[in-house]
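Lettering follows sequence order; numbering is per chain, from 1. If you're wondering where the values come from, they're calculated on a predicted model, not measured in any experiment.
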Amino acid sequence: MSITIQFPDGNSQQYDSQTTSAQIAESISGGLARVAVAAVLNGCQIDLSTPIEDGEHTLRILTPRDPESLEVLRHTAAHIMAQAVRNLYGDKVQYTIGPALTDDFQYGFYYDFDLPESVSADDFGKIEAEMKKIAKSKTPLERIELTPAEAKQQMTELGQSYKVEMIDDLIASEEGVETVSFYRQGDFVDMCRGPHLPNTGKLKAFKLLTLAGAYWRGDEKNKTLTRIYGTAFFDKKELAEHLDRIAEAKKRDHRILGKQLGLFALSDDVGPGLPLWMPKGTIIRMELEGWLRGQLLKRGYQAVMTPHIGKLDLYRTSGHYPYYEHGLFPTLPMGEDEGYLLKPMNCPHHIQIYKAAQRSYRELPVRLSEFGTVYRFEKSGDLNGLTRVRGFTQDDAHIFCSPEQLEAEIASCVELTKLVLDTLGLDQYRVRIGLRDPDSSKYTGKSENWDLAEQNIRNVVRDVGLEYTEEPGEAAFYGPKIDFVINDCIGREWQLGTIQVDYNLPERFGLEYIGSDNTPHRPIMIHRAPLGSPERFIGILIEHFAGAFPLWLAPVQVAVLPVSEKCADYAAEQTRILKNNGIRVELDDSPEKIGAKIRRATLDKVPYMLILGQKEADANTVAVRHRTEGDFGEVDITEFISEINAEIETKGSQCVANRVQEQEDR
RNA sequence: GCCGACGUAGCUCAACGGUAGAGCACAGCUUUCGUAAAGCUGAGGUUGUGAGUUCGAUUCUCACCGUCGGCCCCA
């Protein structure tokens, strides 16, 4: 008997029974055998040392060039780290899981341990040293397969209770299992699916990055394990580049830039998670909100305003209370009354506005919009700059419409959200459809309504041609939603825009409109927020632009920099002209040298600087300098104003830098 | 909330069991300057808060508050 192997190039080759992919690689070339990491047999990843069964197969040898190889490398790195931790902290260490991560911006792998003593990041040096020792030994990794009963017995003997639990789960799983695989490297054995590197010596570039707590199985009722994150690459240069990338990304952090640029502040005295908008940050918000208000008017929204608190009972009706009690600020007591809540959502208030008048089918859809500030008691450990706060605003609106109107309205919300992202150049987002988790009881309303709403959403995203993923369990408690999810500077995901279809709150609140048949009908609601929240959105925006906002959003659009006090009057006059033309301008009349003024304005990321000296005063011109493009030369102030106005109005698609570039090209 | 780390001047950071220092920023003076940092002088701190150990704590211990990284959660 023999095996027939078909290679990716289409060629086939016969081998003896039980040949391994390592041997096959060797038969192709010694070079391939040296760099081989693992193999893919009939689409499944296997170890190089796995003997191949008789028959016809396709086989691909993985080398560091293949993307899958990184996963194998990092997975083995996690095992080597586990062995290092065992060597240092002894046999009382309990092992749980240690997966490779290939999509994460920072981390390449982690391992969760239950440790007999506490470990801190200061210990990384000695763990890394131990890992280096293990790598240097070039110990082969050997796969061992046991029956579940044998595996369980061994793990029980070794006191590895988490592994015992995992084996029990494997046994109880629907498919059942015939074997449980382990990997041995020297005297260290860990239960693992594999595949792994052929030996530990291939791990040459790695670094431990962070230490964190993590609940066993992600359940906060369980014990907190110690998670160590690290990363690994095939060569040291890639690792160094990766670490540079992380360091570079961290410079965009909105919490650092927000402080440096004076955009917002958080004060211990006011309270955690309650951002304060400083004058320059407020400009960004007002510009963004003003633009969005204009878009809403065009789309037939009506602006409303509602108070920050409401009776507790309102939220019982909506279902927010007591379901979300853990996420609410405590009730404000009110004598005989049940008390009031700081509103965690605007929808109950908007619903009352809908209810405050009799509604006819002729006036649907009713689109009520409000930049409504809400308060949610986020857990202290969850707070994060502007991206996770306790007091924030939603660019909220609730659309009340008929079933016939619903999908067009959803589509319009998608269009608006995309317009917002496109206008700001946020093109790296993903779309998530949050569905209810069929096994959970946290959702309100009838199953038929949920099915309908989920179908409405699918219809729209398909029509619009959005790429999306469906994620059960991500729905709001009253309805499924379309979320626009964006990464921050270190790769964490944040939900910005959201569109939620809701058949349930109209029912809970008994909403109606009179149809053309002169009988009452129930409207459907859409909850939507294209920014999500200006706080979070601007937090992400700060990182997206690295603080260098486009002209229309820039807190200071033009810095006027007189070369010396001799031209102070001319500079003041030009400043006044710009101000009168609605430009946000700052005059730097400090007794600094021009280089220092330029430096200051550049660090403040002011888009345009006007350098004004005797020459410009004599010629009645301004010398324009761009924060990144440098000197643009002299121009008449009226021409400068019309150019930057064009850049402001077109949100940057037409800008002075382009004009100058064109001139240079000519 | 949980695990871990951190908290010193407005900011970034240093130092130390004997009550703290630099750079930038700030103020005053000098300089009036041409495309990313002029010079001098000065002011600025109950070392997050509270307790404990100690002759003495900012330093060591504990608690609390806050921040950061994860976990859980996210209407």
When rounded to the nearest Å, what value does the distance between [atom1] atoms of [N] and [M] take?
N      : M      : atom1 : value
B:rA15 : B:rU47 : C1'   : 11 Å
B:rU41 : B:rU31 : C1'   : 15 Å
B:rA9  : B:rA25 : C1'   : 11 Å
B:rC6  : B:rC13 : C1'   : 14 Å
B:rC60 : B:rC74 : C1'   : 41 Å
B:rU30 : B:rG7  : P     : 42 Å
B:rC26 : B:rC11 : P     : 15 Å

Query raised in the report: Which word best sums up how the rings of A:Y354 and A:F400 line up, parallel for under 30°, tilted for 30 to 60°, or perpendicular for over 60°?
Result: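 It falls in the parallel class, under 30°.
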
Please list, chain by chain and in numerical order, all residues satisfying ring pair (Phe, Tyr, Trp, His ring centres under 6.0 Å) with [X], sequence neighbours excluded.
X      : answer
A:Y315 : none
A:F477 : A:H320, A:Y324
A:F109 : none

**Report entry** Crowding at NZ, A:K92 (>12 non-hydrogen neighbours, <6.0 Å)
**Finding:**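 Not more than 12 within 6.0 Å, no.
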
**Report entry** Residue mapping more 5' on RNA chain B - nearest nucleotide basis, A:I490 or A:G630
**Finding:**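 Comparing both residues, the 5'-ward one is A:G630.
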
Query raised in the report: In terms of the nearest nucleotide of RNA chain B, which residue is placed more toward the 5' end: A:I594 or A:L328?
Result: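 Its nucleotide being nearer the 5' end, the pick is A:I594.
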
Give [X] one of three labels, base, sugar-phosphate or nothing, depending on what nucleic acid heavy atoms sit under 4.0 Å from its own.
X      : answer
A:G218 : sugar-phosphate
A:G595 : sugar-phosphate
A:Y478 : sugar-phosphate
A:G319 : nothing
A:F124 : nothing

Query raised in the report: Under 3.5 Å, is there a donor-acceptor pair linking the side chains of A:H527 and A:D502?
Result: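 Yes, because at least one side-chain N or O of A:H527 sits under 3.5 Å from a partner of the opposite role on A:D502.
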
Query raised in the report: Got a sec? Which of residues 558-568 of chain A come in under 4.0 Å of RNA chain B, heavy atoms?
Result: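 Heavy-atom cutoff 4.0 Å gives A:V563, A:S564, A:E565, A:K566.
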
**Report entry** Consecutive Watson-Crick or G-U pairs in runs of at least 3, all under 3.5 Å, in which RNA chain B is involved
**Finding:**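 So far as stems of 3 or more pairs are concerned, RNA chain B shows B:1-7 with B:65-71, B:10-13 with B:21-24, B:26-30 with B:38-42, B:48-52 with B:60-64.
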
Requested in this report: Determine which pairs satisfy salt bridge (charged side-chain N to carboxylate O under 4.0 Å, His left out) with at least one residue from residues 601-626 of chain A, sequence neighbours left out, and list them in order.
Outcome: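 Applying salt bridge (charged side-chain N to carboxylate O under 4.0 Å, His left out) to every pair that reaches into residues 601-626 of chain A, excluding sequence neighbours, yields A:K615-A:E634.
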
side-chain contact (heavy atoms from CB on, under 4.5 Å) against [X], all qualifying residues, sequence neighbours excluded:
X      : value
A:E471 : A:R430, A:R432, A:T469, A:E474
A:F329 : A:L342, A:Y375, A:F377, A:R390
A:A453 : A:P480, A:V501, A:Y503

Query raised in the report: Taking only residues two or more places apart in sequence or in another chain, which ones pass side chain to side chain donor-acceptor pair (under 3.5 Å) with A:T373?
Result: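 Applying side chain to side chain donor-acceptor pair (under 3.5 Å) to A:T373 gives A:T393.
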
Requested in this report: Any side-chain hydrogen bond (donor to acceptor under 3.5 Å, both in side chains) involving residues 268-278 of chain A? Give me the pairs, sequence neighbours left out, ordered by first then second residue.
Outcome: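 Found none.
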
Query raised in the report: Contact boundaries of RNA chain B with chain A (under 4.0 Å, heavy atoms), 5' to 3'?
Result: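 Counting from the 5' end, contacts occupy B:rG1 to B:rA75.
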
